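Just below is one structure, and these are the notes that go with it.
Only a predicted model underlies this, so the values are computations on that prediction, with no experimental measurement involved. Each chain gets a letter, A, B and so on, in the order the sequences are listed, and its residues count up from 1.
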Protein chains: 2
Amino acid sequence: MSAKVRDVCGKILGSVTPDEEEGQRISRLASDVRDRLAGEARKVGLEAEVEVGGSVAKGTWLRGEADVDIFMLLPPSLGRGVLEGECLEVAKRALGEWPWRERYAEHPYLEAFVEGVTVNVVPCYYVKRGAWISAADRSPFHTAYVRSRLVDQDLSGEMRLLKRFMRGVGAYGAEIRVGGFSGYLCELLVINYGSFLGVLEGASTWRRGEVIDVEGLYGGRPEEARVMFDAPLIVVDPVDRNRNVAAAVAEERLAEFVFASRGFLKAPSERFFYPPETAPLEASELVKRLRGRGSDLVLLTFTQGGLVPDVLWGQLYKTLRSVRGLLERHDFRVIRASAWSDEEGLNALIFEVESSVLPSSKRHVGPPALSREAESFLNRHLGAEDTVSGPWVEGGRWVVEKRRVYPDAVHLLRDKLIEGGKGLGVGSRLAGGVRESLEVMVKEEVLGLYASCRGFAVFLTGFLVGRPGWLG
Amino acid sequence: MSAKVRDVCGKILGSVTPDEEEGQRISRLASDVRDRLAGEARKVGLEAEVEVGGSVAKGTWLRGEADVDIFMLLPPSLGRGVLEGECLEVAKRALGEWPWRERYAEHPYLEAFVEGVTVNVVPCYYVKRGAWISAADRSPFHTAYVRSRLVDQDLSGEMRLLKRFMRGVGAYGAEIRVGGFSGYLCELLVINYGSFLGVLEGASTWRRGEVIDVEGLYGGRPEEARVMFDAPLIVVDPVDRNRNVAAAVAEERLAEFVFASRGFLKAPSERFFYPPETAPLEASELVKRLRGRGSDLVLLTFTQGGLVPDVLWGQLYKTLRSVRGLLERHDFRVIRASAWSDEEGLNALIFEVESSVLPSSKRHVGPPALSREAESFLNRHLGAEDTVSGPWVEGGRWVVEKRRVYPDAVHLLRDKLIEGGKGLGVGSRLAGGVRESLEVMVKEEVLGLYASCRGFAVFLTGFLVGRPGWLG
């Protein structure tokens with residue numbers, strides 16, 4: 001390890017390790033909440049084992065960012081009704097004095113805000129390994145597994161380093177918005193490679209479809225896991241060989257992490273952990289850049305609130321792909337596309353296109369010259385009002401030159417999305433918002449939102465740079 | 001047969017059948033030339049059978065368009081030296097009082113202009129069927145075959161109708177410029193279908209890969225012929241089952257003939273035989289149309305003389321394909337392309353493109369995100385002067401936005417062709433002319449040549465209409 005690497009890692013470690021005060025405070029808070037939940041459960045005769053889980057139980061959270069996960073384990077004999085009903089009621093009564101809200105993953109859970117700390121109370125079943133009933137049943141096993149691996153060797157610092165690195169390069173978090181590495185996944189990587197730097201060295205050589213099987217559950221036959229999962233990265237769950245812990249990792253995040261790893265090893269720097277904040281450009285500078293690059297920005301905005309982040313982002317990404325396809329089917333060359341949301345109702349899709357206006361004529365290739373379809377093709381196009389020239393035969397097919405229906409991307413998008421984009425692949429949960437509030441802006445028209453919303457300005461500035469901050 | 005069809009065919013027949021005077025004059029002329037050739041051969045002791053062949057021998061030529069083909073058949077014992085040397089010398093001495101020139105197909109022959117009639121004197125070998133030595137050896141067999149089929153039934157009128165129809169719809173002639181139906185091919189079609197209208201009715205139902213086997217040399221197994229020849233249209237030569245008489249027929253001409261046949265049967269008209277001449281547009285009207293259609297014309301001209309038509313057109317078409325590919329590789333969307341030549345040294349390639357100017361930025365898709373090539377891709381593009389934004393990862397690949405090297409088609413073509421287009425697929429026999437005289441014009445710059453050259457003006461007007469004259 002070079003002095004530089006040691007120096008950087010030491011500094012970062014100092015910034016991500018909770019001090020004694022925080023450690024004690026969080027532990028006490030977690031115990032208190034657990035005891036309250038257990039007491040309340042006893043009071044109503046609910047048979048539930050209450051456990052602290054997650055990074056607090058493992059001692060691997062990042063300083064100032066503790067989320068307390070508490071699991072209420074029910075015996076499998078109790079039905080879903082108890083899991084989603086009485087158990088949640090117990091939690092609400094136990095934590096009623098703090099602000100809370102019900103959230104939903106596979107099943108509902110409670111999120112409370114206790115003394116400035118987020119506490120998730122997650123009901124699940126107390127089952128034998130593999131006999132999973134609810135999606136959360138694996139979690140206590142994850143906690144137990146990681147703790148068991150930390151008994152002989154304290155890797156918590158290494159895990160914190162990796163989590164902070166992941167956050168710095170934008171790859172931290174399994175939520176749909178990010179499509180990155182979960183905390184548990186980071187911990188497994190450190191266990192597998194033995195250290196933070198070991199992970200980076202390993203990742204530097206990853207290929208697409210890399211298989212990491214910490215506990216050797218595939219007995220040295222990674223190709224079996226590859227067939228089983230078919231994902232860019234496969235990390236076999238030590239507690240369940242049928243689960244890929246890295247299933248949520250998008251190709252993009254994987255590649256970024258790999259190249260960030262190579263980059264850090266070549267030139268270690270704190271900026272991989274704490275990248276400089278993107279400073280939004282001055283509006284006048286933005287205009288200058290837009291004009292200079294010779295492409296056009298097309299911005300769609302619409303309001304649609306009331307969706308939890310994973311649903312919102314799933315819908316936004318789906319809609320982004322659909323609208324991109326619509327543009328490309330109409331010959332607009334899309335250089336790049338991205339989605340943004342303030343997660344409070346204001347949503348935006350942005351497209352950089354080579355040009356938002358196309359020539360008014362286009363070539364339209366028809367059926368094979370002597371096919372059955374040729375006759376109707378000729379009937380349709382010969383002398384039609386929007387036929388510019390032809391039809392003629394070329395390379396064995398009929399070809400005709402047509403007037404373009406939508407030479408302007410703005411008209412295309414307004415026309416096709418005015419009804420909410422039905423049949424175009426716009427997310428169904430967004431269609432109402434699209435129908436009622438869609439605005440389509442082009443080129444410098446994006447300046448309005450840019451000037452009025454800093455979050456969007458930061459996003460757009462990053463979009464225009466178009467490369468990860470740690471890259472070059 | 002409808003009265004209308006009978007009426008049209010009757011009129012056309014009247015116009016294409018030589019009158020008695022022409023018939024006698026051509027016959028006498030052919031006999032005279034044959035006798036002179038035979039006499040001259042005898043004089044020098046050249047053992048040669050001299051025969052009138054082609055449409056004159058068969059009585060199937062179009063009025064006013066007789067080409068007299070005369071074959072000098074040598075015994076196979078005489079070598080190529082005699083065929084290409086002494087035999088040709090004999091012909092030159094025999095016809096020396098008229099203007100003549102030496103021409104070249106597979107081997108040299110003599111073209112003389114006797115009393116306003118073109119006479120081709122073609123040396124070949126007197127062989128048994130199938131034992132072909134030179135490419136011209138089949139021709140006397142073709143003549144004999146057609147004559148034998150005309151003994152019982154005079155189909156010469158039907159053949160003349162079909163030839164004129166082919167000429168009218170632009171499909172007559174096996175030369176490379178046309179890629180159409182030879183006279184012999186027309187005769188075989190009439191023999192096969194029994195009449196001119198029979199051919200049109202048959203052609204109306206042709207599919208790609210149609211097999212016509214007049215003498216049943218494939219014994220009712222057309223799929224064997226299809227495997228053997230793999231061409232859009234297959235007409236088995238009655239004198240040689242290994243030869244496709246329709247080998248020269250391009251997909252375009254085939255389709256045009258098929259649709260012209262359907263069109264004529266649906267609405268018979270003399271214009272299929274004698275299409276109205278294309279009247280070039282007024283220059284001012286041309287400008288208006290060019291502006292109105294929203295696309296751009298790009299015109300390349302260069303001078304290159306001294307090539308016989310088949311070589312010239314082969315080279316022009318090859319060059320046309322190459323330059324089209326060059327434009328398309330640089331993202332110019334080519335709607336249509338065509339070549340023109342006055343066959344006296346002035347050549348032109350014309351392209352209609354959606355736009356001759358492209359946006360200055362473009363998306364450039366790189367290697368898979370985690371491939372071995374990714375590193376060098378990043379090194380090449382990261383921070384490069386012509387990188388507009390990125391690189392970023394998208395759909396598993398690195399992508400970068402680059403400044404376009406050639407946003408203007410004119411610059412592209414001038415730059416790439418200034419050296420003659422070496423390595424780009426420009427025909428080697430044209431490279432010198434391209435290097436020394438290339439001019440690239442765009443949009444209304446084409447007006448110069450348009451105004452000064454009527455042949456080009458007619459061509460360009462047809463190009464802009466873009467469909468066969470008999471169509472709609």
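- Both the backbone and the side chain of A:Asp331 come within contact range of chain B, with heavy atoms under 4.5 Å apart.
- Not a single donor-acceptor pair under 3.5 Å links the side chain of A:Asp386 to the backbone N or O of A:Val405.
- Note: B:Arg404 leads B:Glu210, B:Arg404, B:His364, B:Arg253 in heavy-atom pairs under 4.5 Å with chain A.
- Taking chain B as the reference chain and counting heavy-atom pairs below 4.5 Å, the highest number among A:Pro391, A:Ala337, A:Ser355 is found for A:Pro391.
- The candidate from B:Leu254, B:Leu370, B:Val388 with the greatest count of non-hydrogen atom pairs under 4.5 Å with chain A is B:Leu370.
- Looking only at heavy-atom pairs under 4.5 Å with chain A, the residue among B:Leu358, B:Val400, B:Val334 that has the most is B:Val334.
- If you measure heavy-atom distances from A:Val353 to chain B, you find no contacts under 4.5 Å at all.
- Of the atoms belonging to A:Thr387, not a single heavy atom falls under 4.5 Å from chain B.
- Of the residues considered (B:Arg363, B:Lys362, B:Arg403), B:Arg363 shows the highest number of contacts with chain A, using heavy-atom pairs under 4.5 Å.
- More than 12 heavy atoms of other residues, nucleotides or ligands sit less than 6.0 Å from atom CZ of B:Arg333.
- Taking CH2 of A:Trp392 as the reference point, atom CD of A:Glu401 lies at 5.5 Å (rounded to 0.5 Å).
- Taking chain B as the reference chain and counting heavy-atom pairs below 4.5 Å, the highest number among A:Trp398, A:Trp206, A:Phe463 is found for A:Trp398.
- Not a single donor-acceptor pair under 3.5 Å links the side chain of B:His411 to the backbone N or O of B:Pro407.
- When each of B:Arg336, B:Glu352, B:Glu354 is paired with B:Ser295, the side-chain hydrogen bond (donor to acceptor under 3.5 Å, both in side chains) condition holds for B:Glu352 and for no other.
- Taking the six-membered ring where the residue is Trp, the centroids of A:Tyr172 and A:Phe181 are separated by 6.0 Å or more.
- Residue with the most contacts toward chain B among A:Ala255, A:Ala250, A:Gly390, A:Ala374: A:Gly390 (heavy-atom pairs, distance under 4.5 Å).
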Take A:Val287 and A:Tyr450, measure what side-chain contact (heavy atoms from CB on, under 4.5 Å) needs, and give me the verdict at the end.
CA-CA 11 Å; A:Val287 171; A:Tyr450 189 87; over 6 Å; no
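- Contacts between A:Arg293 and chain B at a heavy-atom distance below 4.5 Å involve backbone atoms as well as side-chain atoms.
- Within 6.0 Å of CZ on A:Arg289 lie no more than 12 heavy atoms contributed by other residues, nucleotides or ligands.
- With a 4.5 Å cut-off on non-hydrogen atoms, A:Val258 touches chain B through its side chain but not through its backbone.
- By number of non-hydrogen pairs under 4.5 angstrom with chain A, the leading residue of B:Gly294, B:Pro368, B:Gly466, B:Gly395 is B:Gly466.
- Of the listed residues (B:Arg262, B:Arg207, B:Glu251, B:Arg208), the greatest number of heavy-atom pairs within a distance under 4.5 Å of chain A belongs to B:Arg207.
- Looking at B:Glu394 and A:Arg324, a side-chain N of the basic residue comes within less than 4.0 Å of a carboxylate O on the acidic one, giving a salt bridge.
- Within the 4.5 angstrom heavy-atom criterion, atoms from both the backbone and the side chain of A:Arg372 approach chain B.
- Of the two parts of A:Arg397, neither the backbone nor the side chain holds a non-hydrogen atom closer than 4.5 Å to a non-hydrogen atom of chain B.
- Of the residues listed (A:Phe272, A:Tyr193, A:Phe264), the one engaging A:Leu200 in a side chain to side chain contact (heavy atoms under 4.5 Å, CB included) is A:Phe264, and it is the only one.
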